[in-house]
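Residue numbers start from 1 in every chain, and the chains themselves are labelled A, B, ... in the order their sequence lines are given, proteins ahead of strands. As the structure is a computational prediction, the values presented were derived from the model and not from experiment.
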There are 2 protein chains.
Amino acid sequence: MSDHAAKQRIYEQFARIGKALGAPGRLELIDLLAQGERPVDALAKEAQMSIANASQHLQVLLAARLVDTRRDAQRIYYRLAAPSVIELWLALRRTAESQLAELPGVAREYLGDPDTFEPIDRDELARRIEAGTVVVIDVRPAEEFEQGHLAGAVSVPVDEIKRWARDEAPKRKQIVAYCRGPYCVYAIEAVAELKKRGLRAVRAEDGVAEWRAAGLSIETGKSAP
Amino acid sequence: MSDHAAKQRIYEQFARIGKALGAPGRLELIDLLAQGERPVDALAKEAQMSIANASQHLQVLLAARLVDTRRDAQRIYYRLAAPSVIELWLALRRTAESQLAELPGVAREYLGDPDTFEPIDRDELARRIEAGTVVVIDVRPAEEFEQGHLAGAVSVPVDEIKRWARDEAPKRKQIVAYCRGPYCVYAIEAVAELKKRGLRAVRAEDGVAEWRAAGLSIETGKSAP
DNA sequence: CACTCATTCAAGTAATCACTTGAATACAAG
DNA sequence: CTTGTATTCAAGTGATTACTTGAATGAGTG
């Protein structure tokens, strides 16, 4: 009675998911996939790992059923297998933020002082969008924008931020830039560039994954003209 | 610019948490700790592992700051370090449930057919408690009951279920038994015993951790007389 | 058909990990 | 101070893992 081996087999199943979350490279891939589907080479390039290594990590995620694939000609697109995977990733990140004293220091090394660009939170941003007092720009690569962006946002990939600042940016209105989330540098770089040119810009820390988890509306497709 | 090594260090921090979730034994310990604090030997006994092994797993959880300790004389009590840890554990379990096709089969081996005791869900149980049409029993060990139980529940540890069924159980009213959660056998064993004696009993799948996460009220301390 | 491109597979290496056994610490009670 | 109890530490073993390199698949294209 109360078969120990059977109980262990249950926890082994849970551990399959846990193990998949146990490598930094894999978490980076999950974080990227939270922005939408991508082929292997794009993921490898973004995460700066060899293609073979990325492929292998993706196989591990596939075995744990955290990701799914779709074939289009030679390319294989990977995507997160379910919304619960994003929630799990966000829960893991929240726990790391609340428990690991070393994280803020390490994050600061990569992102700089968190308060430099007076980041604004979700509720405050939602209020300002509602009031129409801000222009929201999505500084991720265009493909990610197309797969889901904040309702009303304009796509301005970081490599185009200088051109946009010169030609199209509003001179008076406040600009809010966001990217993949709290650990992505793009919005920070964008705001730095905009401020250098005397524009009023701030950073929103959250990305599409966080917005969606908070129940806010996400649009897909290219920007309206 | 865009220092790859610094970015990697961030994901290494997240992976500390992930790695800690990568061993079945550790997940079982977390599941037990979700019921409240316990000393090492009690945890080892419940999880049926050697004390040295349990201690080592707990050191890993401690290094990942998922657990905390409190000393009382010779005994060291471990407990989950924050509510976010329970949420992370529940998120991991939900993902496993939605993604791993093998889990239901493995769970059935340990728990039997999930529908045998017509389990009732949270909302239904809350409604029946409100209406006063049920008696709720908590069949976990008494220490766990004292550290948190469903408001209004009576403590009837599984080893006392026979005596209780004979001497105290209501003959007509429906009895709802719960234990540690969906993967705990105690409530199943209790309901089987009660039904064998002709009493009206059903099982609630959720435990205290799930109730608390759902925002329901939890009481502490011994039963009122 | 050869040729290219994206992805996966296979083999090898160094590192990490879970578990065991046996000894060491740390506190309490006599 | 000795004895007992709870926990941790240390060393050793077999298994697993992350990454690399180089070859193999498999789906287009000229």
S.K.: Which part of the nucleic acid, if any, lies within contact of B:Q59, taking any heavy atom under 4.0 Å across all strands shown: a base, the sugar-phosphate backbone alone, or nothing?
M.R.: sugar-phosphate
S.K.: Under a plain distance cut-off of 3.5 Å, with no hydrogens placed, do B:D138 and B:Y178 share a side-chain donor-acceptor pair?
M.R.: yes
S.K.: Rounded to the nearest Å, what distance is computed from the CD atom of residue A:Q74 to the P atom of nucleotide D:dT29?
M.R.: 7 Å
S.K.: Which of these nucleotides, C:dT8, D:dG26, D:dT7, is closest to any side-chain atom of A:V40?
M.R.: C:dT8
S.K.: OP1, OP2 of D:dC19 versus side-chain N and O of A:H57: anything below 4.0 Å?
M.R.: yes
S.K.: Specify the separation, in whole Å, of atom CG of A:L58 and atom P of C:dA6.
M.R.: 16 Å
S.K.: What is the distance from CE of A:M49 to C1' of C:dT7, rounded to the nearest Å?
M.R.: 15 Å
S.K.: Mind listing the residues from residues 10-23 of chain B sitting with a heavy atom below 4.0 Å of DNA chain D? Number order is fine.
M.R.: none
S.K.: Using a strict threshold of under 4.0 Å (side-chain N to carboxylate O), is an ion pair present between A:R180 and A:D31?
M.R.: no
S.K.: Is it true that A:R163 and A:E160 make a salt bridge, defined as a side-chain N closer than 4.0 Å to a carboxylate O?
M.R.: yes
S.K.: Checking B:Y183 now: which residues fulfil ring pair (Phe, Tyr, Trp, His ring centres under 6.0 Å) with it, not counting sequence neighbours?
M.R.: A:F14
S.K.: Between B:I51 (CD1) and C:dG22 (C1'), how many Å, whole number?
M.R.: 14 Å
S.K.: Does the pair A:R38/A:E46 count as a salt bridge with the N-to-O cut at 4.0 Å?
M.R.: yes
S.K.: Under 4.0 Å between a side-chain N/O of A:Y78 and OP1 or OP2 of C:dT8, yes or no?
M.R.: yes
S.K.: In whole angstrom, give the distance that lies between atom CZ of A:R70 and atom P of C:dA6.
M.R.: 16 Å
S.K.: Would one find a side-chain N or O of B:S50 under 4.0 angstrom from OP1 or OP2 of C:dT20?
M.R.: yes
S.K.: Just how far, in rounded Å, is C1' of C:dT8 from CG of A:L61?
M.R.: 15 Å
S.K.: Do A:V85 and A:L33 make a side-chain contact, defined as non-hydrogen atoms from C-beta onward lying under 4.5 Å apart?
M.R.: no
S.K.: In whole Å, what is the span from the CZ atom of A:R75 to the P atom of C:dT7?
M.R.: 6 Å
S.K.: Look at the side-chain N and O atoms of A:S55 and state whether any lies under 4.0 Å from the OP1 or OP2 oxygen of C:dT8.
M.R.: yes
S.K.: Please determine whether a side-chain nitrogen or oxygen atom of B:R26 lies at a distance below 4.0 Å from atom OP1 or OP2 of C:dC17.
M.R.: no
S.K.: Please state whether the phosphate of D:dA18, meaning OP1 or OP2, lies under 4.0 angstrom from any side-chain nitrogen or oxygen of A:N53.
M.R.: no
S.K.: Are A:E37 and A:R70 ion-paired here, with the side-chain N under 4.0 Å from a carboxylate O?
M.R.: yes
S.K.: What is the separation between atom CD1 on A:I76 and atom P on D:dT25, rounded to the nearest whole Å?
M.R.: 16 Å
S.K.: Within the structure, does a side-chain N or O atom of A:R71 lie under 4.0 Å from either OP1 or OP2 of C:dA6?
M.R.: no
